[in-house]
Amino acid sequence: MIVYTSLKKRIIRKLSESDLLTEKSELIDLTMSEQLKAIEEVVKSIENTTVLVMENAESAVSLRKGSLELVKIEGSLSSEFSLKEEMKDSYSL
């Protein structure tokens, strides 16, 4: 009977260790899965931020081109108005 009880205790202990290892393994798997999801979310966030930064840069370039075009138009109009003022002044003499 003593041998049986000792064997039974060892089997129970082994089962407990096995259960514990299984639980730890499942916990590790769960943790790794959560970390992978978190990393994927960080990657998505970085990708979205990169897209937004690129769009902003493109918009800034577009605004710069537009402002340069406005400066050209302003110069052209200024010259045209100056010429018209000169012609107006020369007719009034």
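Values reported hereafter were calculated over all heavy atoms of this structure, with side chains retained and with hydrogens, waters and symmetry mates removed. Along the sequence shown, residues carry numbers from 1.
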Q: For T31 and L27, indicate whether the former's side chain and the latter's backbone hold a donor-acceptor pair under 3.5 Å.
A: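 Checking the backbone N and O of L27 against the side chain of T31, a donor-acceptor pair under 3.5 Å is found.
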Q) Any donor-acceptor pair under 3.5 Å linking the side chain of S33 with the backbone of D29? A) no
Q: Hydrophobic side-chain clustering at under 4.5 Å (ILVMFWY, transitive links): who's grouped with I46? Put none if nobody.
A: V42
Q.
Does any part of the side chain of E55, heavy atoms only, come nearer than 4.5 Å to the side chain of V51, both counted from C-beta?
A. yes
Q. Applying salt bridge (Lys or Arg N to Asp or Glu O under 4.0 Å), which residue pairs with at least one partner in residues 71-81 are found, sequence neighbours left out?
A.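 Qualifying pairs, neighbours excluded: E80-K84.
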Point-to-point distance, once rounded to the nearest 0.5 Å, from [atom1] of [X] to [atom2] of [Y]:
X   : Y   : atom1 : atom2 : answer
K65 : L70 : NZ    : CG    : 14.5 Å
L63 : L68 : CG    : CG    : 11.0 Å
L52 : S59 : CG    : OG    : 10.5 Å
T22 : E26 : OG1   : CD    : 6.5 Å
E47 : E40 : CD    : CD    : 10.5 Å

Q: Return the set of residues passing salt bridge (Lys or Arg N to Asp or Glu O under 4.0 Å) with E41 (not counting sequence neighbours), or none when no residue passes.
A: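 E41 satisfies salt bridge (Lys or Arg N to Asp or Glu O under 4.0 Å) with K44 once adjacent residues are dropped.
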